[in-house]
Student: 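Here's a structure for you.
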Number of protein chains: 2
Amino acid sequence: MKLTSGVEQAACIIVMLSTQAADIPVTSDVISERLGVSPSYLKKIMRKLVVRGLIKSVPGVNGGFVLAKTPACIPIIDLVDAIEGNEPIFQSTGLVRKAFGDIEVAEKGFLKFENIVNEAQEAFRAKLSDITVEKFLQETIDTNEIQVKDWNQKSDEDND
Amino acid sequence: MKLTSGVEQAACIIVMLSTQAADIPVTSDVISERLGVSPSYLKKIMRKLVVRGLIKSVPGVNGGFVLAKTPACIPIIDLVDAIEGNEPIFQSTGLVRKAFGDIEVAEKGFLKFENIVNEAQEAFRAKLSDITVEKFLQETIDTNEIQVKDWNQKSDEDND
DNA sequence: TCTTTTGTAGATAAAAGATATCCACTATCC
DNA sequence: GGATAGTGGATATCTTTTATCTACAAAAGA
């Protein structure tokens, strides 16, 4: 029961794109260098975010990636779902039938257990649906004005 | 973000011990055969449940395993914790510093993100803390009277 | 239109963790 | 003291995650 490190990578990516000057795509090479992974691997991650509808890819010269929605419309759970998928956290291997036989009460107990865990997972998801990327950024920088920059510019001032 | 199959195995084990005639330990060989795993592997799982304080081991002739608490005192979360441990679901690899530099706002954002996910995990755990093994069994069998048997008896009636 | 720059997709390999087993050892009951 | 139970270490296998390379497709711009 761990989130993969891909979630952390996705979070960093979304933060970059959320603070990117409007209408200027960020190239994947810039991001891959920041994250310290190969361009090809970085693109795999980006692709997941594209498929999930969080970001858009812009092909061609001066292309790259931009947010597909405003940060206010991206709940944190979307990052997790994009990387991990949103499958049930508990999936049976059919062990109950093997252990107790293919009888009604076993089947019922199995479904009940599955249900209990799924409800817990729903509570987890609900918490992460409540907070958006925008809110997360605002609370981090202690202001509602999110500064933008052009991440493509290498050493504008390498902080912030 | 998946629960390991060990949780399912632990659940089956606890169900067996919860329906076991009082004061008669169930041998690990009986359980390992039911679950279809090797005796040595089954004992590893049992050990985790012992360490967590859910079951007790009884060495010697006519020994085996018995519940350490009544089913009413075992919340489902204990099964998960016993097998998976209860570490934070999100653990950073230090990527934020690599990506954004070792600056204050990055550190703060990282902690904030960690906090958000941890709170979601708490919601998950709270749900599984609310329901006990006893309640789970009662709702499965539709009665408050949990029948017991001796699982060591091979084919008493191989159902239930 | 053609070249360059960008993203897309498949094959593949290395690393980590989960799953599982064997065997030697220890403790306890009878 | 011998048989039967659990404990612990070393180890093998399998799956998933992480990561990379290379070939390919699409679009902007000259």
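What you are looking at is a predicted structure, and each value in this text was computed from that prediction instead of being measured. Chain identifiers are assigned alphabetically (A, B, ...) following the order of the sequence lines, protein sequences preceding nucleic acid strands; residue numbering begins at 1 within each chain.
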Student: Who are the ring-ring contact (aromatic ring centres under 6.0 Å, His included) partners of B/Phe110, not counting sequence neighbours?
Tutor: none
Student: Nearest heavy atom decides the nucleotide; on that basis, is A/Pro39 or B/Gly63 closer to the 5' end of DNA chain D?
Tutor: B/Gly63
Student: Taking only the side-chain heavy atoms of B/Val61 (C-beta and beyond), determine which of D/dT7, C/dT8, D/dA3 contains the nearest atom.
Tutor: D/dA3
Student: I want to check something: taking the side chain as every heavy atom from C-beta on, are A/Val15 and B/Phe100 in contact at a cut-off of under 4.5 Å?
Tutor: yes
Student: Between atom CG of B/Asp150 and atom CD1 of B/Ile24, what is the distance when rounded to the nearest 0.5 Å?
Tutor: 4.5 Å
Student: Would you say B/Ser57 places a side-chain N or O within less than 4.0 Å of OP1 or OP2 belonging to D/dA5?
Tutor: no
Student: How many whole angstroms separate atom CG of A/Leu3 from atom C1' of D/dT16?
Tutor: 15 Å
Student: Would you check if A/Ile116 and A/Phe90 make a side-chain contact, meaning some heavy-atom pair closer than 4.5 Å?
Tutor: no
Student: Would you say the side chains of A/Glu114 and A/Ser92 form a donor-acceptor pair under 3.5 Å?
Tutor: no
Student: Under 4.0 Å between any heavy atoms, over every strand shown, what does B/Glu84 touch: base, sugar-phosphate, or nothing? Just pick one.
Tutor: nothing
Student: Could you say whether B/Ser38 or A/Met1 is positioned toward the 5' end of DNA chain C, judged by the nucleotide with the nearest heavy atom to each?
Tutor: A/Met1
Student: Rounded to whole Å, please give me the gap between CD in B/Gln91 and P in C/dG17.
Tutor: 11 Å
Student: On the side chain of A/Lys44, is there an atom forming a donor-acceptor pair with the base of C/dG10 - under 3.5 Å, no angle test?
Tutor: yes
Student: Below the 4.0 Å mark, does D/dT20 have OP1 or OP2 next to a side-chain nitrogen or oxygen of A/Ser40?
Tutor: no
Student: In whole angstrom, what separates B/Leu42's CG from D/dT7's P?
Tutor: 12 Å
Student: What integer distance in Å separates A/Lys2:NZ from C/dG17:P?
Tutor: 9 Å
Student: Could you check how far CD1 of A/Ile24 sits from P of C/dT6, rounded to whole Å?
Tutor: 14 Å
Student: Tell me whether B/Glu87 is salt-bridged to A/Lys2, with the criterion being a basic N under 4.0 Å from an acidic carboxylate O.
Tutor: yes
Student: Please state whether the phosphate of D/dG6, meaning OP1 or OP2, lies under 4.0 angstrom from any side-chain nitrogen or oxygen of B/Ser28.
Tutor: yes
Student: On DNA chain D, compare the nucleotides closest to A/Asn62 and B/Thr27; which residue's is nearer the 5' end?
Tutor: B/Thr27
Student: Look at the side-chain N and O atoms of B/Gln9 and state whether any lies under 4.0 Å from the OP1 or OP2 oxygen of C/dA18.
Tutor: no
Student: Counting only side-chain heavy atoms from C-beta out, which of C/dT19, C/dG7, D/dT20 sits nearest to B/Thr4?
Tutor: C/dT19
Student: What's the CG-C1' distance between B/Asp29 and D/dT4, to the nearest Å?
Tutor: 10 Å
Student: For a 4.5 angstrom cut-off between non-hydrogen side-chain atoms, does A/Gln20 reach A/Val66?
Tutor: no
Student: Take atom CD of B/Glu87 and atom P of C/dG17, then tell me their distance rounded to the nearest Å.
Tutor: 11 Å
Student: Within residues 45-56 of chain A, find the residues that approach DNA chain C with a heavy atom at under 4.0 Å, and present them sorted by residue number.
Tutor: A/Arg47
Student: For the pair made of CD1 in B/Ile13 and P in D/dG6, what is the distance, rounded to whole Å?
Tutor: 12 Å
Student: Are side-chain heavy atoms of A/Tyr41 and A/Ser32 found at a separation under 4.5 Å?
Tutor: no
